[in-house]
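To keep things clear, I will list the structure first and then write my remarks on it.
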Amino acid sequence: MENPRPVAKAPQNIAATCKHDRHHKQCERPGDDSRGHGSQQKGAEQEQLAIEAVKERSPQQRPQQVADGAGNKNNHHYRRGGCYLVTKAKNAVASISVFESLLHQCSLLCGRTSPSSNRRPESSRINTSSSARPIVQKESTRHGGEIVADVLKAHGVKHMFTLVGGHISPILVACEKLGIRVVDTRHEVTAVFAADAVARMSGTVGVAAVTAGPGLTNTVTAVKNAQMAESPVLLMGGAAASILKGRGALQDIDQMSLFKPLCKYCATVTKVRDIAPTLQKALQIAQSGTPGPVFVEFPIDTLYPYQMVAKEVGAKIQKCVELVSRAKQPVIILGSQSTLPPTPTDKLVTALESMGIPSFLGGMARGLLGQHSDIQIRQKRGEALKEADVVILAGAVCDFRLGYGRTLSRKSKIIAVNRNKEQLFKNSDMFWKPTVAIQGDAGDFIVQLAAGLKGFKCDPEWLNKLRGRDQEKEQTNRPRGPLRWLDPGAFGTLGVGGGFALGAKLCRPDCDVWIIYGDGSLGYSVAEFDTFTRHKTPVIALVGNDAGWTQISREQVPMFGSNVACQLAFSDYETVAVGYGGKGLKLDRNNEGEMEKVLREAMELSRQGHSVLVNALIGKTNFREGSISV
């Protein structure tokens, strides 16, 4: 028998474990609470008395003899309700009072009520009936991450492995404050492999915490490895807020279905008061019986302070022609769907330019209007949407990228076009309502709309107002044409850079392919410089190296007062690229005046057949401030 966590002090030759039988509707409680007492004799006589005492009880309480892994029928299982106590040796020396004590402890750990003679006073019992409402301390600054840390500390956890993400910041900060060492890796799979090693070497549960969506999907190989190796690992994952599940929230996927085949136990925490018992159960199951991995999912609203969660928690073509023709301040938002066949992109561009309506481009639509366009607006989209009297969502979805629809003004007329009905009405029951909803092709709709608006031209004063805001912002990198921009998309996946660049270079071998990296995301795919070298697919990587996961740190530090797991180093990444057969250049204060020269050198080296990494040391900024999505 494996060595589970003991639930009470017992003789060394007794192993105690607690197992819930899911097939029983409820625990069976013995009607007779009388206790037999074993003789004080030692050896086999004492065990015999104990067994006889149990035999006098009801069948539900008698020990069941079962074969162990070697086929020996030596183990006696004493059951109280859904709890079992297993005596390991045939001649185990223990009195029935020891068995009762252990069973009593098991029942308490499992949330079972003990017999009447041992019940706690009524005043100390927790009322779990549906009529009892927990008191919410709305002014409290405590958060669910602190409860997680308390449970882990109580179970002797000394290390937690992670790759930081906004979903799990409260857990990391709280663990650090309690003295649990938080070790941040450069890939989530490494974090779980490390937890697996700790479990094997220490005899305790190994613990890893990663962010939602792609953070969790990156761990699948390591979790399967732990399952096959019978290694007790606790994986904790972030998740979209409870109210936003299935509404297009950032990195919202069905994570439970992913891990159920891999883990002994999977659970989603839906209430703060469930955090401790859920984690305790997960830790117990990870070590009991045959050890293995367990998974607990934490929606972001169960971890952050109450105040923050409360603050976050809103003929058709002809009709559209009439709405737009009367509009003074219309706006178009184009998503990736607008570039799909059968509508040619040049025909779509002509239609947009004929109407002259200010347009914001997203996803694969970036670059559609070229590098210099009179109607493309890039900055301050939120302000434009609040002022617009008509908004056309052409393949754009009201998910986290549009604040679930909250960025739209209730005074605006909303025209929504999408091929997918679910995406078409995403969150329309909460924060917005479409004036006209069309399930169809976004590109074709724009072309038909322009045909119906012949002679229409958007008010130049409105267009100039939005363009003026654009000029207030600094210049940024801009796609030079359609299908010349790749980003992860709505899943927000880290680590796509190397693979995306490889595919892009193979499709467009005569183009310069640039990867814009942060130093955090670089860690996922810097090894692909070896691939670029071997397959002669030269690309240019520009790394903004600020020695940290700054997008997370910017929110985590003000909220929780800790930068745990967010700090990296100003590493010499250009040297790494050289080691893989590429070329490396560095930009810092010593040569910042030669920035254009360095970048042109990178382009020249790339055109000569070398992949190049430019390591640009930069300072901190407020880019993407307020990006944690609750």
Side-chain angles (χ1 to χ4, degrees), residues 163 185-190 214 218 364 366-367 371 475-489 491-551 568-618:
L163 194 151
T185 64
R186 298 304 294 267
H187 197 295
E188 289 89 353
V189 76
T190 306
N218 280 344
M364 291 301 296
R366 288 189 176 97
Q371 196 172 17
Q475 292 290 315
T476 59
N477 55 297
R478 298 174 180 177
R480 299 184 178 184
L483 303 181
R484 295 193 178 190
W485 174 281
L486 289 170
D487 61 35
F491 203 30
T493 310
L494 280 173
V496 302
F500 274 19
L502 179 63
K505 188 64 177 179
L506 290 171
C507 288
R508 307 279 177 85
D510 296 329
C511 292
D512 294 325
V513 175
W514 290 77
I515 318 172
I516 310 301
Y517 275 122
D519 52 332
S521 65
L522 175 68
Y524 282 90
S525 61
V526 67
E528 300 309 329
F529 267 78
D530 172 74
T531 307
F532 302 146
T533 299
R534 289 185 292 107
H535 290 276
K536 296 179 174 55
T537 49
V539 303
I540 307 166
L542 178 61
V543 183
N545 184 355
D546 62 357
W549 295 95
T550 306
Q551 185 176 347
L568 299 173
F570 286 107
S571 299
D572 295 328
Y573 296 117
E574 73 280 7
T575 305
V576 177
V578 172
Y580 283 122
K583 298 291 184 180
L585 302 173
K586 192 171 187 176
L587 270 173
D588 57 19
R589 288 184 177 177
N590 294 323
N591 64 346
E592 62 181 334
E594 301 176 350
M595 186 180 302
E596 183 176 346
K597 178 183 176 182
V598 171
L599 296 180
R600 291 193 178 279
E601 182 182 354
M603 293 171 65
E604 185 60 33
L605 287 169
S606 175
R607 291 167 183 173
Q608 293 172 9
H610 305 286
S611 287
V612 185
L613 187 150
V614 181
N615 187 14
L617 307 190
I618 61 175

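Hydrogens, waters and symmetry mates play no part in the numbers below; they use all other heavy atoms, side chains included. Note that the structure is a prediction, hence the values are computed from the model and not measured.
- Here NZ of K583 is found 14.0 Å from CD1 of I540. Values are rounded to the nearest 0.5 Å.
- Taking 4.5 Å as the limit, every side-chain heavy atom of E594 sits out of range of all side-chain heavy atoms of L587.
- A side-chain N or O of E528 and one of T531 form a donor-acceptor pair less than 3.5 Å apart.
- For the atom pair CD (E592) and CE (M595), the distance works out to 6.5 Å, reported to the nearest 0.5 Å.
- Rounded to the nearest 0.5 angstrom, R508 CZ and R484 CZ are separated by 6.5 Å.
- The two residues A504 and L486 make their nearest non-hydrogen contact at CB-CD1, 4.2 Å.
- For the residue pair D512/W514, the side-chain donor-acceptor check at 3.5 Å is not satisfied.
- Remark: the backbone N or O of Y580 is paired with a side-chain donor or acceptor of T533 at under 3.5 angstrom.
- Closest heavy-atom contact between N218 and V189: O-CB, 3.3 Å.
- Considering every non-hydrogen atom in both G498 and Y517, the closest pair reads N-OH, 3.4 Å.
- Between L617 and K586, the closest side-chain pair of non-hydrogen atoms falls below 4.5 Å.
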**Q.** Audit row: I515, L613, side chain to side chain contact (heavy atoms under 4.5 Å, CB included) steps and yes/no
**A.** CA-CA 9 Å; I515 318 172; L613 187 150; over 6 Å; no

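- Within a 6.0 Å sphere centred on CZ of R534, heavy atoms belonging to other residues, nucleotides or ligands number more than 12.
- No donor-acceptor pair under 3.5 Å is formed between the side chain of D572 and the backbone N or O of E574.
- With hydrogens and angles ignored, the 3.5 Å screen pairs no side-chain donor or acceptor of N615 with any backbone N or O of L585.
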Q.
Show, in sequence, the C-alpha distance, side-chain angles and deciding distance for M603 and V612, and conclude whether the side chain to side chain contact (heavy atoms under 4.5 Å, CB included) test is met.
A. CA-CA 8 Å; M603 293 171 65; V612 185; over 6 Å; no

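- Taking CG from D588 and CD1 from I618, the interatomic distance works out to 13.0 Å, rounded to the nearest 0.5 Å.
- Taking every heavy atom of both residues into account, S525 and G497 meet most closely at OG-C, 4.3 Å.
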**Q.** CA sep, side-chain torsions, deciding dist, call: V576, F529, side chain to side chain contact (heavy atoms under 4.5 Å, CB included)
**A.** CA-CA 9 Å; V576 177; F529 267 78; over 6 Å; no

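- Distance alone, capped at 3.5 Å, places no donor-acceptor pair between the N545 side chain and the A616 backbone.
- Going from atom CG of L163 over to atom CG of L494 covers 7.0 Å, rounded to the nearest 0.5 Å.
- Remark: of the listed residues H187, E188, R186, E188 is the sole one forming a side chain to side chain donor-acceptor pair (under 3.5 Å) with Y524.
- Nearest heavy atom pair, residue F500 against residue D487, reads CE2-O, 3.4 Å.
- Although no hydrogens or angles enter the test, the distance criterion places no donor-acceptor pair under 3.5 Å between the side chain of S571 and the main chain of Y573.
- Within a 6.0 Å radius of CD in E596, other residues, nucleotides and ligands contribute 12 heavy atoms or fewer.
- Residue K505 places its NZ atom among more than 12 non-hydrogen atoms of other residues, nucleotides or ligands, all under 6.0 Å distant.
- Under the 4.5 Å side-chain criterion, counting only non-hydrogen atoms from C-beta, V614 is not in contact with V543.
- S611 contributes no side-chain N or O that, together with a main-chain N or O of G582, makes up a donor-acceptor pair within less than 3.5 Å.
- Between atom CG of residue L542 and atom CD1 of residue I516 there is a gap of 5.0 Å, rounded to the nearest 0.5 Å.
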